[in-house]
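Residue numbers start at 1 and run along the sequence shown.
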Amino acid sequence: MPKKIHKEDVKAMIRKKGSNMEALGVSHGLGKSSISASFCVPSPTAHKVISAFVGLSVQRIWPEWYDADGNRIYQPRKQSIAKKQSRHCQKSKGELA
């Protein structure tokens, strides 16, 4: 599996190309937080928008969610795993930004 690109690097690529995550989402008919949320939960529509904008494949940015052909990898989700993922993506009160 290729090394995943850090989400902060992807955000920086978006800024370097003259946009931000909210504007990118809205300009493609997505909700204001859709692009941000797509870093924590699989969102094929938002992922395609991001990958096209920064010029990288969805598989290169999210290798755990897409195969080499760009097809979504579906894995059975257990409720406890889903809760851990959503908690992981939320900043705790004591975490520095």
Side-chain angles (χ1 to χ4, degrees):
M1 181 184 313
K3 185 177 179 186
K4 179 179 177 177
I5 297 176
H6 194 279
K7 70 179 181 179
E8 293 301 326
D9 293 330
V10 177
K11 291 177 188 179
M13 289 178 205
I14 292 169
R15 287 191 302 272
K16 286 179 180 180
K17 289 194 168 257
S19 192
N20 62 54
M21 293 190 303
E22 183 178 327
L24 184 60
V26 170
S27 70
H28 286 83
L30 303 174
K32 290 198 285 187
S33 63
S34 295
I35 298 294
S36 295
S38 73
F39 286 97
C40 298
V41 295
S43 176
T45 303
H47 291 167
K48 289 176 186 173
V49 168
I50 294 167
S51 68
F53 190 76
V54 299
L56 297 172
S57 70
V58 290
Q59 198 272 338
R60 178 72 176 98
I61 301 171
W62 296 280
E64 72 278 17
W65 291 336
Y66 297 92
D67 66 17
D69 296 324
N71 299 313
R72 176 84 166 82
I73 299 171
Y74 290 95
Q75 298 172 343
R77 289 180 49 166
K78 294 182 179 178
Q79 189 173 7
S80 61
I81 293 173
K83 286 182 181 179
K84 285 180 185 177
Q85 286 177 337
S86 64
R87 268 190 252 125
H88 172 74
C89 290
Q90 296 173 354
K91 290 183 180 178
S92 64
K93 291 180 183 177
E95 185 178 330
L96 296 175

Q | CA sep, side-chain torsions, deciding dist, call: K32, V26, side chain to side chain contact (heavy atoms under 4.5 Å, CB included) | A | CA-CA 6 Å; K32 290 198 285 187; V26 170; 3.9 Å; yes
Q.
Could you see if L56 belongs to whatever hydrophobic cluster contains F39? Use Ile, Leu, Val, Met, Phe, Trp, Tyr and a side-chain cutoff under 4.5 Å.
A. yes
(Q) The criterion is side-chain contact (heavy atoms from CB on, under 4.5 Å); which residues satisfy it with A52, sequence neighbours excluded? (A) none
(Q) Are F53 and I35 packed together at the side-chain level, in the sense that at least one heavy-atom pair is separated by less than 4.5 angstrom? (A) no
Q: May I ask you to test the E64-I73 pair for a side-chain heavy-atom distance under 4.5 Å?
A: no
Value rounded to 0.5 Å, distance of [atom1] in [X] from [atom2] in [Y]:
{"X": "K7", "Y": "I61", "atom1": "NZ", "atom2": "CD1", "result": "14.0 Å"}
{"X": "M21", "Y": "S33", "atom1": "CE", "atom2": "OG", "result": "10.0 Å"}
{"X": "R15", "Y": "L24", "atom1": "CZ", "atom2": "CG", "result": "12.5 Å"}

Q | Minimal non-hydrogen separation, D69 against D67, with atom names | A | N-OD1, 2.9 Å
Q. For residues 16-31, which residue pairs qualify under side chain to side chain donor-acceptor pair (under 3.5 Å), counting only residues two or more places apart or in two chains?
A. none
Q: Can you run down the side chain to side chain donor-acceptor pair (under 3.5 Å) pairs that involve residues 35-57, sequence neighbours left out, and say none if there aren't any?
A: H47-Y66
